[in-house]
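Computation of the quantities below employed the complete heavy-atom set of this structure, encompassing side-chain atoms and omitting hydrogens, waters and symmetry-equivalent molecules. Proteins get letters first, then strands, A, B, ... in listed order; numbering begins at 1 in each.
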Amino acid sequence: MASVKARVKAPKTAKKGEVFKVKTLISHKMETGIRKNKKTGKLIPRKIINKFSCNYNGKEVFAGDWYPSLSANPYMAFYVKAEASGSIDFIWTEDGGKKYKKSTKITVS
Amino acid sequence: MAARNIKNQQKLRLVKQGQTMWNARIGVTILAGLSISLATVISGCTTSDQGWKGALEHYQADDRRSGYTYREPEQQAIQNDDFQNPGMILVDDGEQLWSKIDGAAGKSCASCHSDASKTMKAIGAHYPIFDEKLGKMKNLEQQINICRKDRMNAKPYKYESSSLLAMTTFVRHQSRGLPVKVIVDGAAEPFFQKGKELYNKRVGQLDMACSNCHVENAGNKARADTLSQGQSNGFPTYRSKWQKVGSIHRRFRGCMKNIRATPYKYGSDEYVNLEFYLAWKGRDLLVETPAYRN
């Protein structure tokens, strides 16, 4: 069961200028690239999430490059300042360029 | 004798400290509870099982204490928050499997049992139960495989495979917050005695029984680790040591290796009986599946 599922927990409403916490979690196996296939003896190619970014109304507000030794199913929590109503998009980029996206809406009063 | 008294006093002090900490935590829980009930009003979904989480009185029944109470506040916080609890990933996997059609009969679990949140409620809390056809006890894992074989005509899941773990965790998760209750009399009685015997029997090179640690020394240290009462109400449990969710039988095997005994096989009668006795030992403790332990 290697289904990748992204989860995000962020408030639906916030006051302008408020700093709120965003929690993210993606279920991902994070293949290290140093494991060998037991039958063939060949290396299993690395497949980890190498970049995570959070865009608030199209503007990048939080991002990180991820490297080997990060855990499987990485959990990331950070703070964002509420500026305007709109969408918050979360993008996880896997080795090979595949992207997993999730977005939430926020109403700022 | 004097030394023992001092030790008891220290213990008492520790318990008291723990309780003040808990009082502070209860305050936080109430706040969290409020925000949850607000969220419930907004989204219209029920989160009734959220209310009990974090409050100490819900993690013990008489002198029986869940392993939760022996853990550090940081670890408890991970279990309290479904989002952070890594075991919840498996619950999601199980939910997918629940309605996935498998086997020659063209059925999924949902074909017979429909909505798991209704039909599986409290089921996991009553296992292991006596099976008349088998003439012995069966646990949840075995029941799932019986269903797969007899009703779905599908291949049984391998014990401790991620599919079986996901399904067991999902089913038992539906009983979260409900008390563990097993029927120990009648036909199940001899199996209960067998489980009890194994629990109290010294085995292995270290010549130790389950009870030597989990009854006589619960709360004391075994090297750097705090021994708990070894209750099973949180299983299948996510252990940070394993980096994944594991069944109670995996835990049994680990314990038996630690005392240098030869572990029984996954799903063996011995372990099912032991699981049965252990469920009775932790009766009325609330199911926490998936718990988070170290």
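Proximity to chain B (any heavy atom under 4.5 Å) is restricted, for A/Thr24, to the backbone atoms N, CA, C and O.
In this structure, the separation between CD on B/Gln243 and CG on A/Asn73 is 9.5 Å, given to the nearest 0.5 Å.
Taking a 6.0 Å sphere around NZ of A/Lys51, one finds it holds more than 12 heavy atoms contributed by other residues, nucleotides or ligands.
With a 4.5 Å cut-off on side-chain heavy atoms, A/Arg7 and B/Ile89 count as touching. Under the 4.5 Å side-chain criterion, counting only non-hydrogen atoms from C-beta, B/Asp81 is in contact with A/Lys9.
In terms of heavy atoms, A/Leu25 sits closest to B/Phe83 at CD2-O, 3.6 Å. Closest approach of B/Gln84 to A/Lys23, counting heavy atoms only: NE2-NZ, 4.4 Å.
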